[in-house]
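Report on the following structure.
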Amino acid sequence: MRVRQDLALRVIEAIQAAQTIGVLPEFEIPTVVIEKPRDPSFGDYACPTAMQMTRLARMAPMKIAEAIANYMPEVEYIDSASLAPPGFVNFRLTAGFLQGQVEEILALGLNYGSFNLGDGRRAQVEFVSANPTGPLGVHRGRGGVMGDTLARAMEAASFDVTREYYFNNAGRQMEMLGESLNIRYRQALGQGAELGGDHYQGDYLYWIALVLVGQYGDSLLEKPREFFSKIAEETIFASIRATLKRLNIVFDVYYNEDDLYTSGRVWEALDELRLKGYAYEKDGAYWFKSSELGDEKDRVLIKSGGEPTYRMADIAYHWHKSERGFDLVVDIFGADHHATAPTVMMGVKAMGQDPDFVHVLIHQFVTLIREGEQVRMSTRRGHFVTLDELLDEVGPDAVRYFMLSRSGNSTIDFDMDLAVEQSDKNPVYYVQNAHVRCAGIFRKWDEAGLPAEADQDADLSLLTHENELAFLRKALELTETLELMVTQYEPHHIAFYAYELAALFHPTYETCRVLHSEVPEPLRLARLRFYRAAKQLFARVLDLMGMSAPEVM
RNA sequence: GCCCCAGUAGCUCAAAGGAUAGAGCGCCGGACUUCUAAUCCGUAGGUUGGGGGUUCGAGUCCCUCCUGGGGUGCCA
């Protein structure tokens, strides 16, 4: 259940009731917000609406708050509604409702916390979208993790999500790639050949060339450039997919930019822009009159050589997105690509579509830190740390967690030493260890030969320890966290939630023992039930982050 | 020049316009014959970059200035 949403409705009922009676004057009720008080001693939820209504009601905020509290309908999960200056109405959850979360978690399993916001509407998350010209770098990894995690949250919010990867395997880029591999091939054969400045410098092409030499000798020397382009693309794309798979990222659709040309959609989009008066010819090229839509200058759509720019293709691509029936589209770009998005949105708008169905999510860079020093990553010389290398060094769980551990607006200093440290300093282990500790209890229980289903009818009202209740309160926050992620397009919240949940778990584990002899039998069974739910909840949260939930570490 | 992001505890960062701005690390002081201490408990630490404004209420919104990073192609 979405407690905040439900409480907001009840508060509206209270205001309406007070208005009917005449305790409050008639006025249009503003949006009622329910928030979490910073200080838990105030309660579990708070409503500041009375203060917003002082002008509307022409009454002192405390008087309004009093009216709300007095006319609140009976809410079964609320223990008390209290007032606090300057006009808060605070609510406290009943212990019974919190204890009930144990069964709720166990019944819903990997669906706990899910809620209906999307109502089955179709959403697309487009991310990574690197062209197959080389291995993924770490900052693509950030986009990948953010996109996949946001997609998971949107699925939990009842959206029908398509994960899409948009790429270009045509044009000059692929020509250069093919030439580069051709040169590397000749180098691998011991022939003199040098890469030009525009060629791809990374040594990964040399490794591909070595494999070619091993398999085919020099029999490929007469093959055309297209042959090498194809080999390079296929090999690199396979490795990109493999890298993403390691990160638990799988795409539903790989959308090839080339399809936009072969289907003629690019030209249709151009015609559409011309028809609407937003495209014109000048100097042998076609230009987008984007300056009329707020851009600082017009942009080239079709180069004088007849080839469309990436911008033209992007506009056609987004035009197609709405035609494909997506109600909501999230595009995830690194900060290095953020400048292109506004023009594309202008193009969508120019063609008569509401660009608001697209949300562009920009993330900042990732800096790798090793032994306190920044790891130099020079893309120009091809000496950059690849995502694969990072995965080799710290493992997928750490990559997923750390990429989520900052707001997308902040740069990440990825501490590679911390990421592999096996202690409570490392949040990855700290969170996963909570799951491990739960698993340990059940392992011990089984080893003692005790019945596996013993806790099935446990008396959960015995879970009265403040630590247990605090943990269950936090469990209830999962829905709110998911809602925040989806509505604000901020996937990082799940990492903070996971950490906070673990930070409430560990003290509970220390204080609320299960198997110790001094724990009376009914309480033992209630706690066993509690830890069964806790384990399930950590499995759920780790799954939302795309991380593994180990039984033992 | 213009655009985007950031500036919050010594460090790395949270904070959905609400109450006394929170965590972790580090520092200092405690706790292991453990349901694996890969953990817990406690202390200290702040003019939210500067200045103005809007609001009952601003780290959050507006204006302005400063500092750092990124972007600003008929490259993608």
_Distance in angstrom units between A/Lys297 NZ and B/G73 P, rounded_ = 4 Å
*Pairwise C1' distance, B/A19 and B/C62 [rounded to whole Å]*: 25 Å
_Distance check needed: B/C13 P versus A/Tyr497 OH, whole Å only._
25 Å
*asked:* Between A/Asp198 and A/Arg172, does any side-chain N to carboxylate O distance fall below 4.0 Å?
replied: yes
*Separation of A/Arg311 atom CZ from B/U72 atom C1', in whole Å?*
10 Å
*Output the single nucleotide from B/U72, B/U12, B/A38 whose closest atom is nearest the side chain of A/Asp424.*
B/A38
*Under 4.0 Å between any heavy atoms, over every strand shown, what does A/Trp445 touch: base, sugar-phosphate, or nothing? Just pick one.*
nothing
*asked:* Could you tell me how far apart A/Ile412 (CD1) and B/C5 (P) are, to the nearest whole angstrom?
replied: 17 Å
_Closest non-hydrogen atom pair between A/Ala470 and A/Leu504, with its separation_ = O-CD1, 3.7 Å
*Within this structure, what is the CG-to-P distance between A/Leu404 and B/A14, rounded to whole angstrom?*
13 Å
*How many Å lie between CG on A/Asn426 and P on B/G26, as a whole number?*
12 Å
*Which part of the nucleic acid, if any, lies within reach of A/Thr133 when heavy atoms closer than 4.0 Å are counted: base, sugar-phosphate only, or nothing?*
nothing
*Measure from the ring center of A/Tyr166 to the ring center of A/Tyr317 and say whether it is less than 6.0 Å.*
yes
*asked:* I'd like the C1' distance from B/U39 over to B/C32, given in whole Å.
replied: 10 Å
_So, does A/Lys425 get its side chain near the phosphate of B/G26, meaning an N or O under 4.0 Å from OP1 or OP2?_
yes
*Determine the Euclidean distance between corresponding C1' atoms of B/A15 and B/A58; express it in Å to zero decimal places.*
13 Å
_Nearest-angstrom distance, C1' atom, B/G45 to B/G22_ = 13 Å
*Tell me what A/Asp198 touches on the nucleic acid: a base, only sugar-phosphate, or nothing, going by heavy atoms under 4.0 Å.*
nothing
*Using a strict 4.0 Å threshold on nitrogen-to-oxygen distance, state whether A/Glu480 and A/Arg2 make a salt bridge.*
no
_Intra- and interstrand pairs of RNA chain B - dot-bracket, Watson-Crick/G-U under 3.5 Å, | marks other strand_ = (((((((..((((....[...))))..((((.......))))......(((((..]....))))))))))))....
*For B/A14, does either OP1 or OP2 sit under 4.0 Å from a side-chain N or O belonging to A/Ser410?*
yes
*Between B/G18, B/U36, B/C40, spot the one nearest the side chain of A/Pro48, thanks.*
B/G18
*Assert yes or no for the condition that the ring centre distance of A/Phe365 to A/His139 is strictly below 6.0 Å.*
yes
_Residue met sooner reading RNA chain B from 5', once A/Ala503 and A/Thr411 are mapped to nucleotides_ = A/Thr411
*Got a donor-acceptor pair under 3.5 Å from the side chain of A/His337 to the base of B/G71?*
no
*OP1, OP2 of B/A76 versus side-chain N and O of A/Lys303: anything below 4.0 Å?*
yes
*If you look at every strand shown and take non-hydrogen atoms under 4.0 Å, does A/Glu500 touch a base, only sugar-phosphate, or nothing?*
nothing
*Which whole-number value in Å describes the distance from A/Glu490 CD to B/A15 P?*
6 Å
*asked:* Under 4.0 Å, heavy atoms only, any strand: does A/Val552 hit a base, just the sugar-phosphate, or nothing?
replied: base
*asked:* The side chain of A/His493 is closest to which nucleotide in this list: B/A76, B/G73, B/A15?
replied: B/A15
_Residue A/Thr340, side-chain atoms from C-beta onward, closest of B/G18, B/A76, B/U55_ = B/A76
*How do A/Thr54 and A/Phe496 order along RNA chain B: which one's closest nucleotide is nearer the 5' end?*
A/Phe496
_Under 5.5 Å and under 30°: A/Phe365 stacked on B/G70_ = no
*When you get a sec, tell me which of B/C56, B/A19, B/U72 is the closest nucleotide to the side chain of A/Ala46?*
B/A19
_Closest to side chain of A/Tyr430, choosing from B/A38, B/A19, B/U39_ = B/U39
*Checking all strands, does A/Cys47 fall into the base, sugar-phosphate, or nothing category for heavy-atom contacts under 4.0 angstrom?*
nothing
*Can you tell which of B/U36, B/A16, B/U72 lies closest to the side chain of A/Arg299?*
B/U72
*In whole angstrom, what separates A/Phe505's CZ from B/C41's P?*
13 Å
_Over all strands shown, is A/His338 touching base, sugar-phosphate only, or nothing at heavy-atom distances under 4.0 angstrom?_
base
*Between A/Phe237 and A/Phe167, is the gap from one ring center to the other below 6.0 Å?*
yes
*Phosphate oxygens OP1/OP2 of B/A15: is one of them under 4.0 Å from a side-chain N or O of A/Lys36?*
no
*asked:* Can you tell whether the side chains of A/Arg527 and A/Glu468 come within less than 4.0 Å, N to carboxylate O?
replied: yes
*So, A/Asp258 versus A/Asn168: side-chain donor-acceptor pair below 3.5 Å or not?*
no
*Contact class for A/His492 vs. all strands (heavy atom < 4.0 Å): base, sugar-phosphate, or nothing?*
sugar-phosphate
_Roughly how many Å apart are B/U47 and B/A21, using the C1' atom of each and rounding to a whole number?_
13 Å
*Considering only heavy atoms and no angle criterion, is a donor-acceptor pair shorter than 3.5 Å present between the side chain of A/Tyr310 and the base of B/A76?*
yes
*Does A/Phe538 have its ring centroid less than 6.0 Å away from the ring centroid of A/Phe505?*
yes
*Does A/Lys444 place a side-chain N or O at less than 4.0 Å from the phosphate oxygens OP1/OP2 of B/U36?*
yes
*Is A/Glu421 touching bases, backbone alone, or none of the nucleic acid, heavy atoms closer than 4.0 Å?*
nothing
*Side chain of A/Ser304, base of B/C74: donor and acceptor closer than 3.5 Å?*
yes
_C1' gap between B/C61 and B/G24, integer Å_ = 30 Å
*May I ask you to say whether A/Glu551 pairs ionically with A/Arg443, meaning some side-chain N is under 4.0 Å from a carboxylate O?*
no
*Have a look at A/Gln488 and say if it touches a base, only the backbone sugar-phosphate, or nothing, with a 4.0 Å heavy-atom cut-off.*
nothing
*Taking atom C1' in both B/U8 and B/C3, what distance in whole Å separates the two?*
25 Å
*Between B/A19, B/U39, B/A76, spot the one nearest the side chain of A/Asn90, thanks.*
B/A19
*Kindly say if A/Asn131 contacts the phosphate of B/A76, meaning a side-chain N or O under 4.0 Å from OP1 or OP2.*
no
*asked:* As a test of reading the structure: which of B/A38, B/A23, B/G70 is closest to the side chain of A/Tyr499, going by heavy atoms?
replied: B/A23
*Do the two ring centres, one from A/Tyr531 and one from A/Phe442, sit under 6.0 Å apart?*
no
*Please list, chain by chain and in numerical order, all residues satisfying ring pair (Phe, Tyr, Trp, His ring centres under 6.0 Å) with A/Tyr499, sequence neighbours excluded.*
A/Tyr430
*Could you tell me whether A/Arg437 contacts a base, only the sugar-phosphate backbone, or nothing, with contacts defined as non-hydrogen atoms closer than 4.0 Å?*
sugar-phosphate
*Report the nucleotide, chosen from B/U55, B/U72, B/C40, that has the shortest atom-to-atom distance to any side-chain atom of A/Glu296.*
B/U72
